[in-house]
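In this chain, numbering begins with 1 at the start of the sequence shown. For clarity, every value in this text was computed on a predicted model and none was experimentally measured.
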Amino acid sequence: MDGGCGRGAGGRQWRFGPNDFLAGSATVSIRGVLNRIMANIQEDGQRPVIPLGHGDPSVFPCFRTTLVAEDAIVSAVRSAKYNCYAPTVGVLPARCAIAEYLSLDLPYKLSPDDIFLTGGCTQAIEVIISVLARPGANILLPRPGFPFYESRCAFSGLEVRHFNLVPERSWEVDLKSVEALADENTVAMVVINPGNPCGNVFTYQHLAKVAETASKLGLMVIADEVYDHLTFGENPFVPMGVFGEVVPVLTLGSISKRWVVPGWRLGWIAMSDPNGFLKERKIVDGILNFLNISSDPATFIQGAIPHILEFTKDDFFNKIIDVLRQTADMCYEKIKEIECITCPHKPEGSMFVMVKLNLSHLEDINDDIDLCHKLAKEESVIIAPGSALGMKNWLRITFAIEPSSLEDGLDRLKSFCQRHAKQNK
């Protein structure tokens, strides 16, 4: 068979082929970028690989989830009540529990009708981008940000416009750039808080200004709060839904990060819209239409949610926060020891920090991508290049890892930078 010509036996011309949009979308995804970097790892390497590139600490003992959650899953399976298909929007007890959980931080109560269950926060992003992607529309995304948004927008044909986060102002949103970018075809802006990839936590005052700006421009706010309550600095977590009276808010969340179970794939879309604008503008209809043609989170996971949300103790959450505070401090201090890297803002939340690369200190490194590939090959350390997040010659480092492994990984990064440092002549 001549695969190159697409002809089979007897000279037949095959008419099938892949959707080219998938290749373009996958190229800019964080998974695609990290997979290409990991391909540089030496198979016969003597040292363990240190994963500082993504936010999944679940493999480390100090980040193991609570027994309350594990037991809830076992009980849900053994009950035999959740072997069935779930309703399109999710099982009612789970939606009630999530509405109650989110309402604890809001000035009003959500109802189960405000909650739509999804296969993790990733599917929640897929749902809302697909709903908004009508011809000619555009969306405002943060730079730096989470590149899955760009990937989904590219696949769905939704134009992306980037507003800046300002490192000198604790990565606040540049609201002037938001106003300059928006036009009559702009449908929404995305706010990620606590911040991925910057590790920042927005203040109440700043979020109020974001809400006022979005309202003035006629935009909904998509609030990515998958790292909700994972804060360990001066600023407490404030949900964007607090400002639902000012601007319609769709909150995207999950149990993946706070409970450290990203593989369980249970997320949600929550409407904070007391004025009913999302229903009036048929966004609710669009969400339902999409969910009718997509897969659901596993029913037994949904069945376990009420018990997980009600009975997880503060001791578990505090333990996770204490570890993150310890590793964030370690990361910040050890970065100071590396001459070619600077950290403009100490992380206060989530699992990441953005650091700036100064190439003038290095003699054989072309850019951030080149550094990440060579670092993987020489030191078996995986770091995400800032170019994948919209910030060339920056790096995203996760500190959500066993403290001893983080120390080892940052020491290897320091050795790498010293080995590649320019020599004084």
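- For Ser387 and Asp368, the side-chain atoms include at least one donor-acceptor pair closer than 3.5 Å.
- With contacts defined as side-chain heavy-atom distances shorter than 4.5 Å, the pair Phe399/Asp329 does not qualify.
- Arg412 has a carboxylate O that lies under 4.0 Å from a charged side-chain N of Asp408, or vice versa, which qualifies the two as a salt bridge.
- One N or O on the side chain of Glu225 and one on the backbone of Met240 form a donor-acceptor pair closer than 3.5 Å.
- Side-chain N or O atoms of Thr398 include one that pairs as donor or acceptor with a backbone N or O of Ala400 at under 3.5 Å.
- The minimum heavy-atom distance linking Arg152 with Ser130 is given by the pair NH2-OG, 4.1 Å.
- Of the possible polar contacts, one joining the Ser103 side chain to the Leu110 backbone as a donor-acceptor pair under 3.5 Å is found.
- Rounding to the nearest 0.5 Å gives a distance of 11.5 Å between NE2 of His162 and CE of Met391.
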Throw together a table of side-chain donor-acceptor distances under 3.5 angstrom for residues 170-180, partners on residues two or more places apart or in other chains.
| residue | atom | partner | partner atom | Å |
| --- | --- | --- | --- | --- |
| Asp174 | OD1 | Lys176 | N | 3.2 |
| Asp174 | OD1 | Ser177 | N | 3.3 |
| Ser177 | OG | Asp174 | O | 2.7 |
| Glu179 | OE1 | Lys216 | NZ | 3.2 |
| Glu179 | OE2 | Lys216 | NZ | 3.3 |

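- When side chains are defined from C-beta on, Asn138 does not count as touching Val187, because their heavy atoms never get closer than 4.5 Å.
- Note on Asp285 versus Lys279: no salt bridge recorded, every NZ/NE/NH1/NH2 to OD/OE distance being 4.0 Å or above.
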Show, in sequence, the C-alpha distance, side-chain angles and deciding distance for Leu207 and Val242, and conclude whether the side chain to side chain contact (heavy atoms under 4.5 Å, CB included) test is met. CA-CA 9 Å; Leu207 289 174; Val242 166; over 6 Å; no
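- Annotation: side chain of Pro144 is not in contact with side chain of Trp394 (no heavy-atom distance under 4.5 Å).
- Note on ring orientation: taking the six-membered ring where Trp is involved, the planes of Phe243 and Tyr204 are tilted (angle from 30° to 60°).
- In this structure, CD on Glu100 lies 14.5 Å from CZ on Arg95, to the nearest 0.5 angstrom.
- Side-chain contact annotation: Asn196 with Ser350, donor-acceptor N/O pair under 3.5 Å absent.
- Side chain of Ser215 to main chain of Ala211: no donor-acceptor pair is present (N/O by atom type, distance under 3.5 Å, no hydrogens or angles).
- Annotation: side chain of Lys374 is in contact with side chain of Asp370 (closest heavy-atom distance under 4.5 Å).
- Between Phe311 and His307, the ring-plane angle classifies as tilted under the 30° and 60° cut-offs.
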Under the side chain to side chain contact (heavy atoms under 4.5 Å, CB included) rule, what do Ile139 and Ile129 come out as? Steps first, then yes or no, please. CA-CA 9 Å; Ile139 189 170; Ile129 295 301; 3.8 Å; yes
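- Ser380 has its side chain out of reach of Pro48: every pair of non-hydrogen atoms, C-beta onward, lies at least 4.5 Å apart.
- Shown here is Lys319, whose NZ atom has more than 12 heavy atoms of other residues, nucleotides or ligands within 6.0 Å.
- A salt bridge is absent between Lys414 and Asp411: the closest approach of a Lys/Arg side-chain nitrogen to an acidic carboxylate oxygen does not fall below 4.0 angstrom.
- Within the 3.5 Å criterion, the main-chain N or O of Asn292 finds no donor-acceptor partner in the side chain of Thr88.
- For the pair Arg325 and Phe232, the tightest heavy-atom approach, listed with the atom from each and the gap, is NE-O, 3.6 Å.
- Arg258 forms a cation-pi arrangement with Phe317, by the criterion of a distance under 6.0 Å to the ring centre and an angle within 45° of the ring axis.
- Annotation: the span from Gln418 atom CD to Leu413 atom CG amounts to 10.0 Å, rounded to 0.5 Å.
- To the nearest 0.5 Å, atom CG of residue Leu132 and atom CG of residue Leu250 are 8.0 Å apart.
- Atom CD of Glu378 has more than 12 heavy atoms from other residues, nucleotides or ligands within 6.0 Å.
- If you take CD1 on Ile50 and CG on Leu410, they are separated by 9.5 Å, rounding to the nearest 0.5 Å.
- For the pair Phe146/Phe352, no side-chain contact is recorded, criterion being any heavy-atom separation below 4.5 Å from C-beta on.
- Using a 4.5 Å heavy-atom cutoff, the side chains of Val221 and Pro248 are not in contact.
- If you check the side chains of Asn393 and Asn358, you find no donor sitting under 3.5 Å from an acceptor.
- For Leu117 against Val91, the heavy-atom pair with the smallest separation is CD1-N, 4.2 Å.
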Val127 and Leu291: CA distance, side-chain angles, deciding distance, side chain to side chain contact (heavy atoms under 4.5 Å, CB included) verdict: CA-CA 8 Å; Val127 171; Leu291 292 176; 4.1 Å; yes
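- Put simply, the side chain of Thr203 gets close to the backbone of His206: a donor and an acceptor are under 3.5 Å apart.
- No hydrogens or angles considered: a donor-acceptor pair under 3.5 Å links the side chains of Trp259 and Thr312.
- For Asp367 (side chain) and Ile369 (main-chain N/O), a donor-acceptor pair under 3.5 Å exists by modelled atom type.
- A donor-acceptor pair is defined here as one N or O able to donate and one able to accept, closer than 3.5 Å; such a pair exists between the side chain of Arg161 and the backbone of Leu181.
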Please determine whether side chain to side chain donor-acceptor pair (under 3.5 Å) holds for the pair Asn193 and Asn200, giving the CA-CA distance in whole Å, both sets of side-chain angles, and the decisive distance to 0.1 Å. CA-CA 7 Å; Asn193 182 49; Asn200 60 300; 5.2 Å; no
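- From Glu339, atom CD reaches atom NE2 of His361 across 5.0 Å, with rounding to the nearest 0.5 Å.
- At a cut-off of 3.5 Å, with distance as the only test, a side-chain donor of Asp183 or Thr186 sits close to an acceptor on the other residue.
- Using a 4.5 Å heavy-atom threshold, the side chains of Pro142 and Phe163 count as touching.
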